[in-house]
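What you see below is based on every heavy atom in this structure, not just the backbone, and it leaves out hydrogens, waters and symmetry mates.
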Amino acid sequence: MTEPLKLGLAGPGTVGGGLLKLIATRGRELAARSGRPIEIVAVSARDRRKARDIDLSPYKFFDDPVALARDPSIDVFVELIGGEGGAAKESVEAALRAGKHVVTANKALLAHHGAELAALAEQQGVALNF
């Protein structure tokens, strides 16, 4: 069997929690469609103890999304932090520089820095998807 595509998720809020649930419940279908299993291996959030709809204990936890973005155990960095700068921008840049593909739902980040991030992704030979 093909090695799983390993995701690191920054921002397990409403959208991130939904993604975690989707992969947990429809993982086989997603694997069939993509040609390989998809697995979330690590998450990052500001507060590890915050009450959430999803249990984060099965995942490696990072307090710092930039450290998650650089983690060698992930193939793809999923940014769902939000905001046009700060931790969202820093972590996406770190992931791209580390040769990681990036997926984001962050419209503000892309509106303000999309061209710059796309150029960095192209320079590093990785994808910036949204």
Side-chain angles (χ1 to χ4, degrees):
M1 175 173 258
T2 306
E3 286 292 315
L5 182 66
K6 296 178 181 175
L7 308 183
L9 170 66
T14 302
V15 175
L19 177 61
L20 289 166
K21 289 175 188 175
L22 178 72
I23 290 175
T25 60
R26 301 185 73 187
R28 288 181 192 211
E29 180 183 340
L30 293 169
R33 288 182 176 193
S34 67
R36 68 194 279 196
I38 299 172
E39 175 182 318
I40 296 185
V41 297
V43 297
S44 176
R46 285 182 286 192
D47 185 357
R48 181 186 309 237
R49 292 176 292 278
K50 180 179 177 180
R52 301 177 197 283
D53 286 349
I54 190 94
D55 180 16
L56 300 182
S57 66
Y59 311 107
K60 185 175 177 183
F61 192 90
F62 288 82
D63 294 313
D64 177 11
V66 173
L68 170 60
R70 293 179 179 143
D71 186 65
S73 71
I74 68 167
D75 303 311
V76 178
F77 179 71
V78 180
E79 184 276 314
L80 300 172
I81 299 168
E84 69 180 71
K89 182 174 184 271
E90 292 168 14
S91 60
V92 167
E93 289 172 333
L96 294 172
R97 285 191 180 103
K100 312 284 183 191
H101 301 289
V102 172
V103 177
T104 183
N106 189 335
K107 295 181 287 286
L109 176 69
L110 294 174
H112 289 271
H113 306 288
E116 168 192 338
L117 294 172
L120 179 58
E122 186 173 338
Q123 176 186 6
Q124 296 295 323
V126 294
L128 173 63
N129 295 299
F130 47 91

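At a threshold of 4.5 Å between non-hydrogen side-chain atoms, the residues His113 and Val92 do not count as touching. Using a 4.5 Å cut-off on side-chain heavy atoms (C-beta onward), Asp75 and Glu3 make no contact.
Contact detail for Arg52 and Ala45: the closest heavy-atom pair is NH2-CB, 3.3 Å. The heavy-atom pair separating Pro72 from Lys100 by the smallest distance is CA-NZ, 3.6 Å. Here the closest non-hydrogen pair linking Leu120 and Glu93 is CD2-O, 4.0 Å. Across all non-hydrogen atoms, the minimal contact from Ala31 to Pro37 is CB-CA, 3.7 Å. In terms of heavy-atom proximity, Leu128 sits nearest to Ala121 at CB-CB, 4.0 Å. The heavy-atom pair separating Ala94 from Arg70 by the smallest distance is CB-NE, 3.9 Å.
One hydrophobic cluster, built from ILVMFWY side chains closer than 4.5 Å, cannot hold both Val76 and Val41; they sit in different ones. In the hydrophobic clustering of ILVMFWY residues, with side-chain heavy atoms under 4.5 Å counting as a link, Leu19 and Leu68 come out apart. Val103 and Leu30 fall within a single hydrophobic cluster, where Ile, Leu, Val, Met, Phe, Trp and Tyr side chains are chained together by heavy-atom contacts under 4.5 Å. Leu80 and Ile40 fall within a single hydrophobic cluster, where Ile, Leu, Val, Met, Phe, Trp and Tyr side chains are chained together by heavy-atom contacts under 4.5 Å. Hydrophobic clustering (ILVMFWY, side-chain heavy atoms < 4.5 Å, transitive): Phe77 and Leu5 are in distinct clusters.
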**Criterion side chain to side chain contact (heavy atoms under 4.5 Å, CB included) on Lys89 and Leu109, from CA distance to verdict** = CA-CA 7 Å; Lys89 182 174 184 271; Leu109 176 69; 3.7 Å; yes
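Residue Lys107 places its NZ atom among 12 or fewer non-hydrogen atoms of other residues, nucleotides or ligands, all under 6.0 Å distant. By the neighbour-count criterion of 12 heavy atoms within 6.0 Å, atom CZ of Phe130 is sparsely surrounded, having that number or fewer from other residues, nucleotides or ligands. The number of heavy atoms from other shown groups lying within 6.0 Å of CD (Glu122) does not exceed 12. Heavy atoms of other residues, nucleotides or ligands lying less than 6.0 angstrom from CZ of Arg46 number 12 at most.
Each of Val66, Leu96, Val102 was compared with Ser91 under the side-chain contact (heavy atoms from CB on, under 4.5 Å) criterion, and only Val66 meets it. Looking at Ile38, Val43, Leu20 one by one, the single match for side-chain contact (heavy atoms from CB on, under 4.5 Å) with Leu7 turns out to be Ile38.
Remark: the backbone N or O of Gly83 is paired with a side-chain donor or acceptor of Asn106 at under 3.5 angstrom. Side-chain atoms of Gln123 never come within 3.5 Å of backbone atoms of Val126 as a donor-acceptor pair (strictly under, hydrogens ignored).
Going from atom CG of Leu110 over to atom CG of Leu117 covers 7.0 Å, rounded to the nearest 0.5 Å.
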